[in-house]
Amino acid sequence: MFKKILVANRGEIAVRVIRACRELGVTSVAVFSDVDRASLHVRKADEAYHIGPAAAAESYLNVTKILGVAKLCGADAIHPGYGFLSENSRFAQACAEAGVKFIGPSAASMEMMGSKTRARQEMEKAGIPLVPGAARGLESAEQAAQIAAKIGYPIMLKAAAGGGGKGMRLVHSPAELKPALEAAQSESLRAFGDAEVYVEKAIVNPRHIEMQVLADEQGNTVYLGERECSIQRRHQKVLEESPSPVVDPDMRRRMGEVAVRVAKAASYTNAGTVEFLVDPDKNFYFLEMNTRLQVEHPVTELITGLDLVHLQIHIAAGEKLPFAQEDIHIRGHAVECRIYAEDPDNNYFPSPGKITLLLAPSGPGIRRDSGMYEGWTVPMDYDPLLAKLIGYGTDRPQAISRLVRALNEYFVGGIKTNISLFRRILRDPDFQAGKFDTGYLDRLLKSGAPEAARGDAEVAAIAAGIFAILEGESTVASNGRPSANSANGSAASGWKRAARVEAVKEVASSL
Amino acid sequence: MVYEVTIDGKNYRLDLGRADGRWQCRIDGREVQMDAVLARTDVLSVLIEGKAYEVKRERTATDMHLWVGAARYAAELRDPRSLRSRKAASGGETGPKKLVAPMSGRVVRVLLPENATVEAGQGVVVVEAMKMQNEIKSPKKGTVQKIVAAEGANVNAGEVLAIVE
């Protein structure tokens, strides 16, 4: 087992990995940029080192800097989390050359899957079902138009190096093609340093369902069930669940077996995710493989009872998978909400800023993976994911009702969050019936927000006055009672206290 | 204490007092049984006629919002004895409209030149923050009177990017 793991990430996932290290008795090392000194991952780690300015390219994406820190502090492994360097095969290669174990697949597997075009070519050879399209990057808008005309609109433009919906555009007609291609290329270049974009036929009303796989370095590969990820906005997942409401045991086995074949074709090791598009007739097509831990891994952890980060670390340390496929059983249902710093009333614009008040939910069936705390200022420089709230239940309705209950307990003040969006989704009859696809959320949002119950305006009015009166007193209740000096003025409260003591004495003596 | 309270644009007259640790409350002249405890800064537990509410307060330099359950109310409170004036009502649909940055970020693209005609809802400037590109759209149909934002410039929340006439 490793002695010291450097976590090359920030936010909730860095905290998640640091916690796993602590549980395994491994020393954890955080790295941080100028704007992250006060971030939670730095507070939770055993060691922490500064790696540069806010711009990710100069800090969290700076391979030389991060490997320098690993060498300096004597880390024997690096966990990349998700995003940043997690799917960068050059980084994995550089780790190998520096003698630091990269907790993830080999550089060669990552390279094959990292280029979506190359992955398509390899999977075609392995006989994996694919969406019609071209397995090559586009050279010009004219070429894009030709291919699009051949496979038929609508088409999907995708970044070859892509992930997380970046560099991706849905195109309905030839007129939209050129601007969409340019936008996809520029976004891809910025996000991944690579402008290669390819074209696929857009499956109309698909579901996005993915399969978690785990592979050790001895050649054992298993699947851990699917995750339903169709609830997306701008191709970005916002809510995930497992199991999927449309996947039955037979379909799960078929998808799982294809996922294992995909992993084996890439000589894959460690945790990975095989993404599928599923059409309304439940045909599934290989979309891509994410060669890292997913944001939504907790739903799989809850329904399988496994800790994926522990397993990643054990596998990277050369240990054999401690179970076989037939030992894996799915129990219950889990749903995850991604809590983002964004404003639902203002087109979901990012909303960085200081968190002035944070009330966190707890109780049965609730897991919260968070990177925020009260008093912390959310920087504007990174992805707006603040936390993940996951509800678990014996079945889907119970998981949903627990999550709704917990969302009502969750309060983040000072910045805007998308918490209200989840209340709306989880209460929606179509969602509850499991009737949705990747277009569901856009349609729900377009249908106009149902007016939230505004019947409590009088309560708000009364509260406004109470706050004003209590303002100067700054007293917080102790034990459910206002503290002794909460009455106006300390002299008055002194009198009142004396009177109360007298009253208590009288009662006591009369007993 | 007598307050004038405005909640989401509706005015209430509130008369609040406390004697012997009990609250007295009249709203628009009507007496209400009420008790309140400050659970912590900005969090109030209120009992009104036996019903329990948790009210959370958010304040910025300029305004205050109160959350009752999942609903957020814009709240304004005036002590009628004080001279603080009411907030001026916001302007209507006529006249020039400023497009402001809704958050801090970087201007990555200006989509329309000055004097271009613009439809309501059409993007004018693209601002990038937290790895997302966001189109700042025109609130009305008209012409682009002025582009203030320069491509590549960093902008703060509330900064004017363009003016649509």
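In what follows, every chain begins at residue 1, and chains take the letters A, B, ... in the order their sequences are listed.
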- Item | Engaged part of A:L359 at the chain B interface, taking heavy atoms whose separation is under 4.5 Å | side chain

- Query: Can you find a pair of side-chain heavy atoms, one from A:I462 and one from B:I27, that are under 4.5 Å apart?
  - Reply: yes

- For A:I466 and B:A36, the nearest pair of non-hydrogen atoms, with its separation, is CD1-CB, 3.6 Å

- Message: So which residue, B:Y12, B:Y73, B:Y3, ends up with the most heavy-atom pairs under 4.5 Å with chain A?
- Response: B:Y73

- Query: Side chain, backbone, both or neither: which part of A:D343 has a heavy atom under 4.5 Å from chain B?
  - Reply: neither

- Task: Could you look at A:E342 and say if it's the side chain, the backbone, both or neither that has a heavy atom under 4.5 Å from chain B?
- Result: neither

- Could you look at A:F411 and say if it's the side chain, the backbone, both or neither that has a heavy atom under 4.5 Å from chain B? side chain

- Task: Can you tell me which residue pairs pass the salt bridge (Lys or Arg N to Asp or Glu O under 4.0 Å) test with a partner in residues 183-194 of chain A, sequence neighbours excluded?
- Result: A:R169-A:E187, A:R190-B:E128

- Note on the structure: Under 4.5 Å to a heavy atom of chain B? For A:K354 that would be neither

- Query: So do the side chains of B:R59 and A:T356 get within less than 4.5 Å of each other, counting heavy atoms only?
  - Reply: no

- Message: Between A:D383 and chain B, with a heavy-atom cut-off of 4.5 Å, which part of the residue counts as in contact: side chain, backbone, both or neither?
- Response: both

- Message: Is any side-chain heavy atom of A:L470 closer than 4.5 Å to one of B:L44?
- Response: yes

- At a heavy-atom separation under 4.5 Å, does B:V43 approach chain A through its side chain, its backbone, both, or neither? both

